[in-house]
A.B. asks: 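Mind looking over this structure? Questions follow.
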Amino acid sequence: MASGRSTTPRAEAELQPLALLRSLLRAMRPVFAIVLMAAGAQQTGATGLNDSKNAVPGNCKPVYLTLDTGHMEVAPLMADILARHKVKVTFFAANERTKTGDGSLGQQWAPWWKARAAEGHEFASHTWDHSYWRADIAGSPPQFKVRPSAGPSEGQDFTWTAPQYCEEIGKSARRLEEITGKKPLPVFRAPGGKTSSALLAAAKSCGYEHVGWSPAGFLGDELPSERYLNEALLKKALAEIRAGDILMAHLGIWSRKDAWAPAVLEPLIIGLQARGFCFQTLRDHPRYKDWIAQRSGTAAAPIAK
């Protein structure tokens, strides 16, 4: 024989399975390599290497988690989760009623905001009194019907000019800078995401671009927990969120009995990281980063006369 070895028919029969196994293992080597690479990628996400500074170009599917103010009871727990997983977010803040303290931008909560700034989060206005746009009023210059849902005028309807609406945005931005020492981003979020083209134009004229959220980014924490269980909201988010999505939740919702946060927040972060997503702030968002960079260092909107 060419190998110089002789075997009996029985020995040859016994060796055939071994030869087959060796061939199979050789064929599977590329597959094992891919599996090991994928496991390494999941481990990187699970340990929190997910912000824009740590992300490897081409190996990161960015999403942009934004958190609006609320009753703030769960805010400390949410901050702990963000820190544990090294997730940076953009906070949209209004001076809303809180379960403890003098409002979400009041003195009691000021140290909490300052600590978030030290962690590298970004901030932006959500209007001062969480004022909802209700309608445009015909005429020139533009005017708007608005209704604050916080503050001394809660529930009342007002007619505001464009400068008055700009002041409502700017007041929150100035308060954020005062308590954090960090200049907020020149963007804002209208309460409920309710706007009109005229309102957006007015805000942009005084230096604020509006930020909504992606369809899959509506995380459902405002919905009644009797009909929308936390488990179902988590499953839906993990299935539907895609790279580039802006996600939106709150620092506490008064109406939801079974709180969304922190119950859903941590498994959502872990699940997205395991799927190769990383978290970035709106400063890095393709749609807003040039606007933000161009207006870096500009003053907040002036007080309306």
A.B. asks: For the ring pair W260 and Y228, is the centre-to-centre distance below 6.0 Å?
C.D. replies: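 Aromatic pair excluded; centres sit 6.0 Å or further apart.
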
A.B. asks: Rounded to the nearest 0.5 Å, how far apart are CG of L265 and CD1 of I81?
C.D. replies: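 Reported value, rounded in 0.5 Å steps: 4.5 Å.
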
A.B. asks: Under 4.0 Å between a Lys/Arg side-chain N and an Asp/Glu carboxylate O for E119 and K88?
C.D. replies: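 No.
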
A.B. asks: Can you tell me how far the CG atom of L233 sits from the CG atom of D221, to the nearest 0.5 Å?
C.D. replies: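 Result: 8.5 Å between the selected atoms.
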
A.B. asks: Would you compute the distance between atom CG of L282 and atom OG1 of T90 and round it to the nearest 0.5 angstrom?
C.D. replies: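 OG1 of T90 is found 3.5 Å from CG of L282.
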
A.B. asks: Passes ring-ring contact (aromatic ring centres under 6.0 Å, His included), W291 versus Y208? Steps please.
C.D. replies: CA-CA 9 Å; W291 171 271; Y208 295 98; 8.8 Å; no

A.B. asks: Would you please test Q107 and D102 for side-chain contact (heavy atoms from CB on, under 4.5 Å) and show each step?
C.D. replies: CA-CA 7 Å; Q107 285 302 115; D102 52 345; 3.8 Å; yes

A.B. asks: Report yes if some heavy atom in the side chain of V89 is under 4.5 Å from a heavy atom in the side chain of T66; otherwise report no.
C.D. replies: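 The answer is no; the side chains never approach within 4.5 Å.
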
A.B. asks: When you compare the side chain of F92 with that of L185, does any pair of heavy atoms fall below 4.5 Å?
C.D. replies: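 No, their side chains stay 4.5 Å or more apart.
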
A.B. asks: State, with a plain yes or no, whether a side-chain heavy atom of L238 is found less than 4.5 Å away from one of R275.
C.D. replies: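 They are in side-chain contact.
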
A.B. asks: For M248 versus H250, what's the shortest heavy-atom pair and its separation?
C.D. replies: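 Smallest heavy-atom distance, with atoms named: SD-CE1, 3.3 Å.
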
A.B. asks: Are the aromatic rings of H130 and Y132 close, with centres under 6.0 Å apart?
C.D. replies: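 Between Y132 and H130, which both carry aromatic rings, the centre distance is below 6.0 Å.
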
A.B. asks: Between A93 and L176, which heavy-atom pair has the shortest distance, and what is it?
C.D. replies: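 A93 and L176 have their closest heavy atoms at CB-CD2, 3.8 Å.
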
A.B. asks: For E226 and R256, run salt bridge (Lys or Arg N to Asp or Glu O under 4.0 Å): C-alpha distance rounded to whole Å, both residues' side-chain angles, the deciding distance at 0.1 Å, then the answer.
C.D. replies: CA-CA 9 Å; E226 297 82 1; R256 188 174 176 86; over 6 Å; no

A.B. asks: Counting C-beta onward and ignoring hydrogens, is there a side-chain heavy-atom pair between V146 and Q164 closer than 4.5 Å?
C.D. replies: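 Contact flag for V146/Q164 side chains = no.
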
A.B. asks: Can you find a pair of side-chain heavy atoms, one from C60 and one from Q280, that are under 4.5 Å apart?
C.D. replies: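 They are in side-chain contact.
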
A.B. asks: Between the side chains of T180 and R116, does any donor sit under 3.5 Å from an acceptor?
C.D. replies: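 Short answer, no.
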
A.B. asks: Take F279 and K86 through the test side-chain contact (heavy atoms from CB on, under 4.5 Å) and record every step on the way to the result.
C.D. replies: CA-CA 9 Å; F279 291 85; K86 299 181 182 175; over 6 Å; no

A.B. asks: Roughly how far apart are K236 NZ and L229 CG, rounded to 0.5 Å?
C.D. replies: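 One finds 14.5 Å between NZ of K236 and CG of L229.
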
A.B. asks: Test side-chain contact (heavy atoms from CB on, under 4.5 Å) on T98 and W109; report intermediate values, then the result.
C.D. replies: CA-CA 10 Å; T98 53; W109 285 99; 4.0 Å; yes

A.B. asks: For the pair H285 and Y288, name the ring-plane relationship: parallel under 30°, tilted 30 to 60°, perpendicular over 60°.
C.D. replies: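 H285 and Y288: tilted rings.
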
A.B. asks: Could you tell me whether K289 and D284 have a side-chain N and a carboxylate O separated by less than 4.0 Å?
C.D. replies: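 No, no charged N to carboxylate O under 4.0 Å.
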
A.B. asks: So, do L272 and L247 sit near enough that their side-chain heavy atoms are less than 4.5 Å apart?
C.D. replies: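 They are in side-chain contact.
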
A.B. asks: Is N230 reaching over with its side chain to a backbone N or O of A259, donor-acceptor style, under 3.5 angstrom?
C.D. replies: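 Judged by distance alone, yes, a pair lies under 3.5 Å.
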
A.B. asks: Filter on salt bridge (Lys or Arg N to Asp or Glu O under 4.0 Å), then keep only pairs touching residues 204-218, sequence neighbours left out; what's left?
C.D. replies: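 Those involving residues 204-218 are K204-E209.
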
A.B. asks: T159 vs Q143, test: side chain to side chain donor-acceptor pair (under 3.5 Å). Steps then yes/no.
C.D. replies: CA-CA 7 Å; T159 297; Q143 296 185 57; 5.4 Å; no

A.B. asks: For the backbone of L199 and the side chain of S196, can you confirm whether one donor and one acceptor N or O come within less than 3.5 Å of each other?
C.D. replies: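 Looks like yes, one N/O pair under 3.5 Å.
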
A.B. asks: Quick one, S149 with E154, criterion side chain to side chain donor-acceptor pair (under 3.5 Å). Give me CA distance, side-chain angles, the key distance, then yes/no.
C.D. replies: CA-CA 5 Å; S149 65; E154 178 180 348; over 6 Å; no

A.B. asks: Could you tell me the separation between the OG1 atom of T195 and the CH2 atom of W133, rounded to the nearest 0.5 Å?
C.D. replies: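 It is 7.0 Å, given to the nearest 0.5 Å.
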
A.B. asks: Any idea which heavy atoms bring R295 and G207 closest together, and the distance?
C.D. replies: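 Scanning both residues completely, I find the closest heavy atoms to be CD-O, 4.4 Å.
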
A.B. asks: Centre of W254's six-membered ring, under 6.0 Å away, within 45 degrees of the axis: is that where NZ or CZ of R97 sits?
C.D. replies: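 Ring-cation test returns yes.
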
A.B. asks: List the steps and the verdict of side chain to side chain donor-acceptor pair (under 3.5 Å) for E96 and H126.
C.D. replies: CA-CA 10 Å; E96 298 188 60; H126 195 30; 4.7 Å; no

A.B. asks: From W112 CH2 over to I179 CD1, what is the distance, rounded to the nearest 0.5 angstrom?
C.D. replies: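 Taking CH2 in W112 and CD1 in I179, the distance rounds to 10.0 Å.
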
A.B. asks: For residues 141-186, which residue pairs pass the ring pair (Phe, Tyr, Trp, His ring centres under 6.0 Å) check, not counting sequence neighbours?
C.D. replies: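 Non-adjacent pairs meeting ring pair (Phe, Tyr, Trp, His ring centres under 6.0 Å): zero.
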
A.B. asks: Minimum heavy-atom separation for P262 and V74, please, with both atom names.
C.D. replies: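 What the structure gives for the nearest pair is CD-CG1, 4.4 Å.
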
A.B. asks: Do you know which of L105, T69, D129 makes side chain to side chain contact (heavy atoms under 4.5 Å, CB included) with S172?
C.D. replies: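 Between S172 and the candidates, side chain to side chain contact (heavy atoms under 4.5 Å, CB included) is satisfied uniquely by L105.
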
A.B. asks: Can you confirm whether W113 sits close enough to F123 that some side-chain heavy atom of one is under 4.5 Å from a side-chain heavy atom of the other?
C.D. replies: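 When only atoms from C-beta onward are counted, F123 and W113 do touch, with a gap below 4.5 Å.
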
A.B. asks: Using atom types as modelled and distance alone, determine if a side-chain donor or acceptor of H71 lies under 3.5 Å from a backbone N or O of E73.
C.D. replies: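 Side chain of H71 to backbone of E73: a pair is present.
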
A.B. asks: Give a yes or no on whether a salt bridge exists between D68 and R189, defined as a side-chain N under 4.0 angstrom from a carboxylate O.
C.D. replies: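 A salt bridge is present here (some side-chain N lies under 4.0 Å from a carboxylate O).
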
